[in-house]
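Worksheet: the structure to be examined is printed underneath.
Here is how names work: the chains are called A, B, and so on, in the same order as the sequence lines, proteins then strands, and each is numbered from 1. The structure presented is a predicted model; accordingly, all values stated were derived computationally and were not measured.
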Amino acid sequence: MDWDTEYELVKSGRYVPEPGPSRSAAPQPIPDDDADADVFNDVPMAPATTTMVFDDEEPFGTPLEQLTRHWMNERHAPDILPAQEDLLTNLLDHLRRQSEAVQLLRGDPSTSEEEHIRIMLVQTEVERVKFIVRSYVRTRLFKIERYARFITTNAEIQTRLTAAERDHASRHAKITDQHFYLSVLQSLPEKQSHLDDTPLFVPPMITEPDISRPVFVHALTKCPRITLPEFVLLFSLHLQDSHSLTARCF
Amino acid sequence: MALPLTLRSSVTPPELELVASQQLIEIVPLISMEKTAFISGAYGPLRPPNKAKIPLWIAVNLKLKKKCHIIAPSWLNVEFLQERLTLETSRPDFSSLPFRFAEAAKVILDVASDDLENPEKIRSLLKDLREARQAKSREGLKTLDHSELSLPNLCSMEINEIRPYFLQSMSILTQLVRNPISDPTHRNA
């Protein structure tokens with residue numbers, strides 16, 4: 001599978017997210033400047049020198065960068081990629097903590113002008129992250145609804161979904177089946193009233209992900225020549241050394 | 001539907017801009033700010049007139065409020081771009097540029113053109129670069145076949161631009177190669 005390979009590439013540089021919730025004690029409502037700093041700092045974070053993280057051996061170190069990568073992958077992959085439940089949970093926890101901190105500080109009349117800018121920036125970021133989370137979830141939702149019938153019959157694809165997603169897929173498949181049956185199929189002759197006929201020379205009735213569709217692949221680290229199944233468009237870029245960029249296709 | 005039709009074939013340029021705005025950039029702050037923990041990491045403290053490195057989106061935000069000057073990245077100046085343009089027009093392959101240069105350059109030119117030297121010239125150089133590179137990717141269409149395509153140094157915005165068309169073409173070529181005579185109408189013809 002083309003995207004499997006892409007996923008393996010991505011996975012090789014993977015960073016294990018910190019178990020966020022255990023540290024997520026509710027921020028203390030103490031209204032002086034020091035406490036404000038604590039409220040914003042009370043979360044596991046990348047060090048200030050994040051420059052290293054951006055272009056070093058961990059090409060997407062922070063949870064947000066990981067999610068951004070998964071979002072982009074999901075948007076471009078023809079199939080449904082493995083769910084990132086832990087990553088998403090951690091980020092949602094983090095989002096909630098940041099929003100709570102913002103709420104606390106906003107409600108406090110003694111916050112200074114300078115604090116307002118910080119609050120505004122933190123809030124802006126919360127919105128940016130929410131956008132990415134939403135777009136990621138919606139992309140998966142789109143694919144799940146589209147391939148709902150296929151998902152209910154395929155055990156392999158189910159392993160890539162979360163419990164909630166599997167549940168949604170089977171309910172969606174059931175509801176559409178019922179709708180088709182009640183609106184059209186019940187009045188057709190018995191022979192044509194099924195949704196999974198496989199007549200010759202006609203494409204199958206169950207929508208399946210088109211895994212032969214080519215995808216662009218961008219290698220995040222230097223890697224040896226990889227042999228992929230045919231029909232893959234490989235765009236290999238050696239980020240480690242920007243002066244010896246090479247690309248190769250198979 | 002969960003995903004609007006316009007978003008299905010590829011991501012949109014504003015979305016790429018959002019991703020690119022996470023990159024760090026140097027600024028000269030005009031206000032001071034304590035070190036602040038964001039979801040993407042901790043940035044600051046800002047102490048004018050010391051330079052600081054913060055994500056582009058924060059820089060844009062502060063710049064719009066006239067609270068900082070953005071320092072152009074090392075590749076966003078007339079000399080560098082002129083040199084790349086010369087390379088681009090004299091050699092058949094794509095010259096190497098930062099992966100998200102188009103998005104970052106647009107954002108910076110939009111909000112902070114007064115922090116750049118000769119923004120008009122930079123704009124026209126970027127446009128020339130884009131056109132030269134676009135011509136090359138169109139050239140690349142000629143060599144397109146069902147199984148492979150080599151695109152070294154292509155940048156995110158350019159990949160995004162050619163993605164729907166190239167992938168669709170390759171898909172069709174793949175089908176043609178795989179089942180040259182499976183279509184019954186062709187067999188009869």
Item checked: Contacting moiety of A:L95, where chain B heavy atoms sit under 4.5 Å ->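 Both backbone and side chain.
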Margin query: Ring-plane angle category for A:Y136 and A:H70, please: parallel below 30°, perpendicular beyond 60°, tilted otherwise.
Written below: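 Tilted: the ring planes of A:Y136 and A:H70 meet at 30° to 60°.
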Check: Parallel, tilted or perpendicular: which describes the rings of B:F38 and B:W57, with under 30° parallel and over 60° perpendicular?
Finding: perpendicular
Next item on the list: Step by step, work out the salt bridge (charged side-chain N to carboxylate O under 4.0 Å, His left out) result for B:E161 and B:R130.
Entry: CA-CA 11 Å; B:E161 190 177 9; B:R130 179 184 135 84; 3.3 Å; yes
Would [X] and [Y] pass as an ion pair if we require N to O under 4.0 Å?
{"X": "A:E100", "Y": "A:R97", "answer": "no"}
{"X": "A:K143", "Y": "A:E74", "answer": "yes"}
{"X": "B:K136", "Y": "B:E88", "answer": "yes"}

Notebook entry, point to check: Do any of residues 61-69 of chain B have a heavy atom less than 4.5 Å from a heavy atom of chain A, and if so, which, in residue order?
Noted result: B:N61, B:L62, B:K65, B:K67
Check: With sequence neighbours excluded, what pairs up with A:R134 under the salt bridge (Lys or Arg N to Asp or Glu O under 4.0 Å) test?
Finding: none
Note to self: What verdict does the salt bridge (charged side-chain N to carboxylate O under 4.0 Å, His left out) test give for B:E120 and B:R123, after you've listed the backbone C-alpha separation in whole Å, the side-chain angles of each residue and the deciding distance to 0.1 Å?
What the structure shows: CA-CA 5 Å; B:E120 283 314 309; B:R123 242 181 222 134; 3.0 Å; yes
Next item on the list: Heavy-atom pairs under 4.5 Å with chain A are the metric here; pick the option from B:D93, B:L18, B:I58 that has the most.
Entry: B:L18
Checklist line | Largest heavy-atom contact set with chain A, pairs under 4.5 Å, which of B:P55, B:S21, B:P98 | finding: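 Highest number of heavy-atom pairs under 4.5 Å: B:S21.
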Checklist line | Best-contacting candidate, A:L64, A:T124, A:L121, A:I117, against chain B by heavy atom pairs under 4.5 angstrom | finding: A:L121
